[in-house]
Amino acid sequence: MSLEITEPTPVIISEERQVSDTRRELVLNMGPQHPSTHGVLRVRLTLEGETITGCDPVIGYLHRGVEKLGESKRYAQFVPWTDRTDYVAAPSNNLGYVLTVEKLLGIEAPERAQYWRMIMAELARLASHLVWLGTHALDIGALSMSLYCFREREMILDIFEKFCGARLTTNMMEIGGFSRPIPPDLPDMIRDFLAVFPKRQREYEDMLSANPIWLARTRGVGVIEPDVAINYGLTGACLRGSGVNYDVRKAQPYLFYDRVDFEVPLGTHGDVYDRYLVRMEEMRQSLKIIQQCLDQVPTDGPLKLAESNYVIPPHDTVLTTAEDMQRHFIWVIKGFSPPKGEVYLAIEHSKGELGHYIVSDGSPIPYRLRIRTPDFVNLQSLPYMAEGAMLADVVALIGTIDIVLGSVDR
Amino acid sequence: MNWAAFLSNYIFAFIVLNVMLGLMAYMTYFERKVLAAMQDRVGPKRTGPFGLLQPIADGIKLLAKEDIVPKNADRLVFLVAPLLSFVLAPLSAAVIPFGGTVTVFGQEVNLYVADINVAVLYVLALGGMGVYGIILGGYASANRYSLLGALRSAAQVISYEIVLGLSLVGVFILSGTLSLVQILEAQQQPLSFGGVQVPNWYILSQPLGFVLFLIAAVAETNRAPFDLPEAESELIGGFHTEYSGFRFSFFFLAEYINMIAVSLLAATLFLGGTDGPIADGVWWLAAKAALFLFFYIWLRTTLPRFRYDQLMGLAWKVLLPLALINIALTGLIRLWGLGLL
Amino acid sequence: MSAEVLVFDILGAIAVLAAAGVVLARNPVHSALALVVSFVNVAAIYVILRAEFLAAAQIIVYTGAILVLVLFVIMLVDPDNLPEFHGGRPVQRLLALILGLALLGEVMAAILTRTIVGQPGPWSPQAVAAVGGNTQALGRVLYSGYVLPIQVTAVLLLAATIGALVLARPDTPRVRALVRDTATISLAHPRGSEMANGVEPALPALAAGQLKLEAGERTLVMAKSGDDFLDQPVWGERHQS
Amino acid sequence: MSELTATHFLTLSAALFIIGMLGVLIRRNVLVIFMCIELMFNAVNVSFIGFAWEQHSLVGQTFALFIIAVAAAEAVVGLGIIMALSRRLDTVDIDQVHELRE
């Protein structure tokens, strides 16, 4: 049979449709290579003069089939993949996956490890919010904000690097705790950061919060009513910006969030400015959480769950004791096989509720691995917000839902 | 024909033009350095000592870049448009007085290229003509979106040109003339204000006019919070999207020359150009112009961008009425001053 | 041939050629460009005729504003579907040409055989210079004998702007017409929606300490625990648009 | 002809006026017609200012100023009409604008 290769139909870049005798509608294509779409997002806008009448985001340019990959990797091998989804807050992704697997296995990391996991997750939240603020302000025109935000983010990345060797793709969390010891001067490094950051954050707020042009560009733009936010399934700052009180750390506390005192900021108008305020306040609350964790974390104690065939035995005993060597050998070759069943666990990621749903058929490889990333869901509200907005607002709207295409497309 | 006077004036004009072009080149360097300093980084320092050769390096780079002309572009207009805005920009330095008259080799040389009666209107006319570079650039690149971007920025420049003109009427009322040389002289006699020697600069007697002029000047040169056309290139396609190579640098450099020209104008009109507390001279003018240039860059780093409708709304609903009120007030004060009221 | 006449002739020739270019150009944008060249040269001629203010006014108003508006309209009217060059019937064109040449002959005859009548007015170049220049002299003349025409022109310009606004007012695009009042959900955890419709979600009764951050004029509400404000959503004024 | 006299600017004015008139008669594109009208305005201005120069009086220049103001007003309204016209009939060919006829 002849394999005729059909000429690919040219992608319609723009055409003008005659809507009514007097109005002409312009279809405009923004992206996928575009400075302010935070990655490879393409937005097809239909315009009427200056106002947007239709907007549909086109995604999939960064789809790597992470979930399908999950069905061919053993549980412990999949952790590096979780960094690559939301590459801006990798520790949070690791945490989400690892906690879900531990829930499936019915085991729990030692107390010291859980505290350190909380510290790293909150630092990841700060890093992610700094990237959001920098790019959001840059899109709306404040050039220097991105420079200042990335200067602070450097300090966090240095902490990650000291802790796990990598800045971005941290791959720091393992099932059952941490296998590497905590560097002794890490707590002081974090305390220095906690001392410097509030002053820097006040600098950001001096630049933006009361800046008339910033207020003009963000107030009343992209308003989402609370009920609409819930119906769209929005989570994180997008939901709390409209005043709905739902934070996974408070609703379903995991790790030791119930032992830590912090507050959840809620907006009152649900526009871009409110989401900006909510995220800035979240940064301050994260500082408070990290401070309390640093005070409460036991300075010694096991970092890794000991005898359990779900956990790789510690290095020092592998070579000396036969039993550990054998366990290490089986663990590496075959991996461990969890009980049959399914599990869903959600954590409060910087962008919203990050959920992992794993179906295990008892084999070392999960039967189904579903990752519910927050910004994929939050992105669905873009058309709702964009309708009726001005053309120049699209940039602000993309910034306010804080999407990273790695986790949108997976 | 008094050849000596003509020759000296010609030489002076030649010097002014070259200084303007040189300043323009080093304005890019100055901007990148100041921008970097404000953003906690270093800025160019590889090319030559302290990166001083950076403008030359940029120039060579742009010369080497391929000069693409879009297929169905309107060739002639496409080629002329950047030249138009580049050539018109330095002309407005011709009316700016760099000093009084000085004798060099026994020849009377007055330190301004031309003292025409309608100097400020001449500068406004050049501003008005500069719009053509933008419109024709957008039209000629044959793509629908750079055309829309060009029309937007043209509308912005026209609206702010009106505000610019009206904001200067206050100064004309006080100085009674349009020629910059006479305006400079009018600012030089210090006012004795309750015993205190206060320089009679128009910034003191025309604060509102000064602020309006500043805002309109920033908008007129498509800079800082009003740089929508540049941002527009992300959304709609600014007028210089299709340009590349040295042709693009004409647009790019025209912006800088406009900035320098407007700064010189602002320094002369409102801060008493070459008039300084100790020794009057062109260095005072340079210092004041540098102050304004720094202000341009400062705006660029800190302020976010206006949206198009806010930008136009600001011009027509806020600045224009303020300018008219300023004119009325200055007129009344002037009449009261002359005792006619 | 004094230098003045030479310059005048050059400028005049360019102006006339450019004017011809306006009529003959195939693409309206090119004819607009030709008109710009013609106006600039005419402005230069005004300077020769010692009317500097008029020259500046000509460039600012004619080329700087009117022609830019014309270019706007040319470009907004989608220049590709313009009528074919010289669509008029050839007979009409020929007739127009003959008519034009006849008129030109008549006018030239009148010009060449004219006799200067009336004695020269008061504003000799020396008098203009004494007053301070063309602008000052023009100001004196305008505001001594022509105050009424100025007011009339002002009213005319006002009428023109209002007229233009009415003409160019875009018909309102259909924008966010729908009022979004989907049923609200009571929020223990978002289980079901039994919100009595018509109940306006109000700001929750706030305990004293909870209203926290005075950001701009916008206040953030700080929730201490997961089940604060769960009875109904926190909401400012409902967005009717 | 060595000295600048009235005939110079009058011939220039006449030439511009004739060209403008021909343009109005010949061309079918409303916008070009509009530009030719501006050209005729300009021709009149040249003669006004020429006479002001010759008669040593500024009255001519004041009239020229008023003409510029009126031309601006006319241009604004004229272009508004052209815009509305082109939006409704989607053409700028003056021949097709004949709804008021018959």
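Every chain is numbered from 1 and lettered A, B, ... according to where its sequence line falls, protein lines coming before strand lines. Please read all numbers here as calculations on a predicted model, not as lab measurements.
For V24(D), no part lies near chain C; criterion is any non-hydrogen pair under 4.5 Å. Proximity to chain C (any heavy atom under 4.5 Å) is shown, for M35(D), by both the backbone and the side chain. Neither the backbone nor the side chain of F48(D) comes within contact range of chain C, judged by heavy atoms closer than 4.5 Å. Both the backbone and the side chain of V76(D) come within less than 4.5 Å of a heavy atom in chain C. Using a 4.5 Å cut-off between heavy atoms, A71(D) touches chain C through backbone and side chain atoms alike. Contact of L35(C) with chain D is made through the side chain alone, with heavy-atom distances under 4.5 Å. Of the two parts of I18(D), only the side chain, counted from C-beta on, holds a non-hydrogen atom closer than 4.5 Å to a non-hydrogen atom of chain C. Within the 4.5 angstrom heavy-atom criterion, atoms from both the backbone and the side chain of I81(D) approach chain C.
Between the CG atom in L54(C) and the CD1 atom in I68(D) there is a gap of 5.5 Å [rounded to 0.5 Å]. Within the model, atoms OG1 of T7(D) and CE of M108(C) stand 8.0 Å from one another, a figure rounded to the nearest 0.5 Å. Considering CG of L138(C) and CG of L58(D), their distance stands at 6.0 Å, rounded to 0.5 Å. For the atom pair CD1 of I111(C) and CG of L10(D), the computed distance is 5.0 Å after rounding to the nearest 0.5 Å. We find the CZ-CG distance between F34(D) and L67(C) to be 9.0 Å, quoted to the nearest 0.5 Å. Note that the CD1 atom of I26(D) and the CG atom of L97(C) stand 6.0 Å from one another [nearest 0.5 Å].
Of all heavy-atom pairs spanning I49(D) and A51(C), the tightest one is CG2-CB, 3.8 Å. Nearest approach of L69(C) to L79(D), heavy atoms of both residues: CB-CD1, 3.4 Å. Minimum heavy-atom separation, Y46(C) to V46(D): OH-N, 3.8 Å.
By the 30° and 60° cut-offs, the orientation of the rings of F8(C) relative to H8(D) is perpendicular.
Listed by first and then second residue, the side chain to side chain donor-acceptor pair (under 3.5 Å) pairs involving residues 55-74 of chain D are N134(C)-Q61(D) (not counting sequence neighbours).
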